[in-house]
Amino acid sequence: MATENGRLVRNFEDIRMRDGPIVGGKNASLGEMINTLGSEEIAVPPGFATTAQAYWDYVDANGIRDTMADLIADWQSGKRNLGETGKAMRRLFLRGSWPEDAANSIRMAYRTLAARVGVREPSVAVRSSATAEDLPDASFAGQLESYLNVTGEAALLDACRRCYASLFTDRAISYRQAKDYDQMGIALSVGVQRMVRSDSGGSGVMFSIDTESGFDQVVLINAAWGLGENVVQGAVTPDEYQVFKQLLSNPQLRPIVSKKLGDKSMKMIYSDDPQQPTHNVPTSKAERAAFVLTDTEILQLARWACTIESHYGSPMDMEWAKDGADGPLYIVQARPETVHSRRGDAAARLHTYKVGHGKGRVLTTGVSVGEAAVAGRVCLLESASNQEQFIDGSILVTPTTDPDWVPIMKRAAAIVTDHGGRTSHAAIVSRELGLPAVVGTGNATYVLHTGQAITVSCAEGDTGFVYEGQAEITAETVDLTNLPALRTQVMINLANPAAAYRWWRLPADGIGLARMEFVVSNAIRVHPMALVHFDRLKNTAAKEEIARLTKGYEDDRCEYFVDRLAQGFAALCASVYPRPAILRMSDFKTNEYAGLIGGAEFELQEENPMIGFRGASRYYSPRYREGFALECRAIRRLRDEMGFTNAIVMIPFCRTVGEAQRVLDVMAETGLQRGRNGLQVYVMCEIPSNVILAAQFAECFEGFSIGSNDLTQLTLGIDRDSSELADLFNEQDEAVKWMIAQAIKVAREKGCKIGICGQAPSDHPEFAQFLADAGINSISVSPDSFIAVKRHLMKVEQGV
């Protein structure tokens with residue numbers, strides 16, 4: 001019989017990647033994983049695939065090959081429009097009858113699957129797999145149809161027929177034409193796979209690479225309740241998890257660098273209606289407030305992603321499903337990632353965008369797709385059927401997109417959607433088209449209107465911004481080749497964890513300064529002492545806002561601070577691992593602390609906060625010691641539980657050697673002990689006493705980082721914020737340079753590392769030369785100044 005030699009149907013166990021021309025890329029990949037990765041304990045549901053031959057037998061048995069060719073030729077010559085052509089092509093398949101051999105082969109394979117899983121009529125997923133699909137140069141994302149919860153032989157044969165017809169949806173025809181594929185040279189295989197009962201569990205999409213920056217050391221996972229179609233289609237905003245690959249091999253570590261809760265407003269479940277076997281229902285409040293995956297499940301999926309990527313030898317785009325509330329995980333699809341894997345030599349060039357003059361207030365935010373920025377006018381469309389209303393070059397604003405939107409998306413300058421995540425259809429296609437997109441805003445179609453002038457910025461990290469007005473946008477391309485290692489290390493200053501991966505291609509020697517204040521202000525927003533003493537807060541409004549922000553942390557609101565801070569720093573550490581990342585502990589002034597939610601009840605009012613109760617003096621004070629303990633808990637989690645031992649702690653504004661020892665003692669009480677697990681502790685060199693007693697400070701710390709702004713202020717006795725004294729504030733004043741040179745000299749004598757973090761070396765090449773001549777170990781600059789400083793130092797060291 002035909003099934004015996006696999007001419008019409010093949011079990012997944014009989015398929016390898018080389019069989020792509022026979023069963024399409026999707027099915028070939030399923031067979032490859034079942035046959036080669038089962039030993040790695042990667043679970044893939046069993047099933048079978050119809051072959052390309054079965055498709056051509058169907059075409060010829062119904063005598064439609066010539067008619068198909070004529071219809072395509074008429075469309076390509078302009079005699080028919082796309083809609084007429086697609087409808088006529090699909091009708092040819094839907095009105096056709098199955099050849100007996102093919103029908104019997106599909107029935108027999110279904111019965112064999114039923115016997116294997118022990119169910120008389122198992123529920124199966126029926127997916128299209130074109131012989132040109134999932135190639136490195138084309139994703140065919142969502143172009144062809146899939147049918148879920150198909151039960152029974154008759155329903156299966158009908159679903160397979162509809163898959164054949166979907167090869168000629170308008171969007172699929174248009175996509176192939178754009179990619180210059182032969183419309184009549186592509187066949188379709190149908191994959192039939194046992195359904196994972198994710199209707200009562202969860203499902204989603206996973207990439208073995210950061211989809212926006214191309215950072216290849218993280219696994220990105222999206223997750224939603226129910227069947228996975230809502231994630232792929234962008235109908236919901238899913239949970240998002242990021243896991244750092246290099247530390248996954250150690251089972252004692254938990255390198256989950258980011259967990260973001262999605263709204264997951266609905267879920268797709270099974271239906272009792274055989275004509276509509278799935279439908280959407282609203283999720284419960286409990287489901288919306290809970291993560292779909294546990295940490296153990298996140299790590300398991302991430303390890304599978306690394307194994308799959310290693311096997312295929314390229315970044316991968318995968319779909320996964322969880323069977324029931326407490327059931328096992330499965331991989332249900334795997335295909336090559338189709339954007340960053342094609343960059344080739346372009347990976348050696350860094351493209352940066354800056355949004356400048358003309359930027360107004362923030363209108364909405366969402367998930368950033370791409371790294372570009374665009375200014376233009378809105379064209380708001382509710383449905384793809386209104387595509388004739390779209391004005392070429394406009395910014396498309398819409399609730400969500402599916403493959404029917406692709407012809408419109410190709411004509412857009414940027415895309416903004418209400419719904420969707422980083423792995424939704426809108427995100428995938430925008431990346432492939434090279435368009436910036438902000439997806440999952442929740443309210444774009446409510447706050448924006450057709451004709452409105454806006455700026456869409458995806459150049460500021462993983463949050464995308466939509467600004468009022470058309471701003472000036474500057475773009476720069478930096479060549480990263482031919483940048484040799486130097487005697488003086490060049491590091492970067494980073495504050496925003498959301499933008500950390502944007503700079504991963506820079507050949508930096510690490511992060512010279514990461515300010516805790518940025519993470520606290522933006523990702524946490526709450527004063528740590530207000531979390532420690534939540535029950536005693538008097539400000540009702542602040543208490544309500546803290547309760548809202550810490551939802552899910554009711555049992556330990558302090559854990560909210562520790563969790564968010566550890567994850568924020570983890571992204572920064574991951575971007576340069578294993579190179580050092582110097583993390584400065586909190587250095588808010590009292591007025592800045594008071595501005596945090598709940599902070600006013602815990603802060604003094606000072607006349608001059610700049611030289612007041614800040615830095616090291618807070619850490620052992622009863623006023624803040626409990627808050628500092630939370631900072632230390634976060635760093636310990638970062639290093640000991642996540643595994644980022646490249647994190648170096650830095651203490652700011654440490655006035656005396658005695659104060660240094662008191663701070664180290666408080667840290668040790670929290671388990672953050674200098675030397676344990678390789679922990680190094682640096683100190684900011686920003687007070688004259690740090691220079692005068694540099695030898696004694698060197699006994700307490702492994703390194704110094706010169707804070708030239710404060711050191712200039714305190715050396716010259718000038719308020720750096722005073723407009724009246726602005727002309728006198730000069731980091732290159734001889735007194736300041738003497739201080740810096742002296743600190744470098746003593747540090748080198750004591751075997752301590754010493755660097756500088758500040759803008760001066762970027763703005764003044766002669767200052768960078770002075771530092772290099774003085775023997776400084778490292779200069780840390782803003783990322784956009786990195787190349788200029790690196791090249792200048794190269795000239796200095798080469799004596800040019």
Side-chain angles (χ1 to χ4, degrees), residues 6 8-37 42 44-56 125-147 160 163-164 166-169 171-173 175-176 178-193 205-209 228 232 304-305 307-320 330-342 403 406 423 425 428-429 431-432:
L8 301 178
V9 173
R10 290 191 182 185
N11 289 324
F12 287 152
E13 288 84 354
D14 300 322
I15 295 171
R16 300 289 192 280
M17 276 306 295
R18 61 178 177 269
D19 296 315
I22 299 171
V23 295
K26 189 178 299 179
N27 290 331
S29 184
L30 287 170
E32 179 75 12
M33 286 192 292
I34 286 175
N35 282 286
T36 61
L37 298 180
I42 293 177
V44 180
F48 60 91
T50 66
T51 65
Q53 187 59 53
Y55 169 84
W56 291 120
V126 182
R127 294 189 174 94
S128 304
S129 180
T131 54
E133 191 173 16
D134 293 343
L135 299 177
D137 64 338
S139 68
F140 282 80
Q143 298 297 324
L144 310 177
E145 296 293 353
S146 296
Y147 301 95
C160 290
C163 282
Y164 282 175
S166 78
L167 188 59
F168 293 97
T169 58
R171 64 205 185 214
I173 296 171
Y175 189 86
R176 285 194 296 273
K179 292 289 183 181
D180 199 27
Y181 282 97
D182 180 3
Q183 299 281 355
M184 289 297 296
I186 295 175
L188 190 123
S189 166
V190 179
V192 180
Q193 188 177 37
V205 179
M206 174 167 64
F207 284 82
S208 65
I209 190 172
V232 176
W304 282 2
T307 300
I308 293 169
E309 179 184 63
S310 177
H311 177 76
Y312 285 89
S314 68
M316 297 296 288
D317 167 0
M318 296 146 281
E319 294 182 26
W320 61 271
Y330 293 90
I331 299 294
V332 295
Q333 285 192 46
R335 62 182 75 84
E337 188 270 344
T338 57
V339 177
H340 294 285
S341 56
R342 289 186 287 156
V406 173
T423 55
H425 175 271
I428 291 171
V429 173
R431 275 184 219 106
E432 193 168 299

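All of these numbers come straight from a predicted model, not from anything done at the bench. Nothing fancy with the numbering, it's 1 onward along the sequence. Just so you know, these numbers use all the heavy atoms, side chains as well, and skip hydrogens, waters and symmetry mates.
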Worked check of side-chain contact (heavy atoms from CB on, under 4.5 Å) between Leu167 and Ser128: CA-CA 8 Å; Leu167 188 59; Ser128 304; over 6 Å; no
Beyond-backbone contact of Arg10 with Asn27, side-chain heavy atoms, under 4.5 angstrom: no
Within-4.5 Å side-chain heavy-atom neighbours: Met17 and Ser29: yes
Which atom of Ile331 lies closest to which atom of Trp320, heavy atoms considered: CD1-CB, 4.2 Å
Backbone of Met316 reached by a side-chain donor or acceptor of Ser208 within 3.5 Å: yes
Donor-acceptor contact present, side-chain Asn35 to main-chain Phe12, <3.5 Å: yes
Heavy-atom closest contact (Ala187 atom, Ala52 atom, distance): CB-CB, 3.7 Å
Rounded distance (nearest 0.5 Å) linking atom CE of Met318 with atom CD1 of Ile42: 9.5 Å
Atom pair CG/CG of Leu188 and Leu144 - distance to nearest 0.5 Å: 6.0 Å
Polar side chain donor-acceptor pair, Glu145 to Ser166, under 3.5 angstrom: no
Check: Glu337 side chain, Ser314 main-chain N or O, donor-acceptor pair, under 3.5 Å: no
Side chain to side chain, Val232 and His425, heavy atoms closer than 4.5 Å: no
Glu32 bridged to Arg335 by N-O distance under 4.0 Å: no
Expected output: side-chain Lys26 to main-chain Gln333 donor-acceptor under 3.5 Å: no
Close side-chain approach of Tyr147 and Cys163, heavy atoms under 4.5 Å: yes
Student check: side-chain heavy atoms of Val406 and Val429 closer than 4.5 Å: yes
Non-hydrogen side-chain atoms of Val23 and Ser129 separated by less than 4.5 Å: no
Heavy-atom side-chain proximity of Trp304 to Thr307 below 4.5 angstrom: no
Candidate pair Tyr164 and Val190, rule side-chain contact (heavy atoms from CB on, under 4.5 Å), full reasoning: CA-CA 8 Å; Tyr164 282 175; Val190 179; 3.8 Å; yes
Considering all heavy atoms, the nearest Tyr181-Ile186 contact: CB-CD1, 3.9 Å
Asp14 side, atom CG; Ile34 side, atom CD1 - distance, nearest 0.5 Å: 10.5 Å
OG1-OH distance between Thr36 and Tyr312, expressed to the nearest 0.5 angstrom: 6.0 Å
Value rounded to 0.5 Å, distance of CG in Leu30 from CD1 in Ile15: 8.0 Å
Donor-acceptor pair, side chain of Ser189 and main chain of Thr50, under 3.5 angstrom: yes
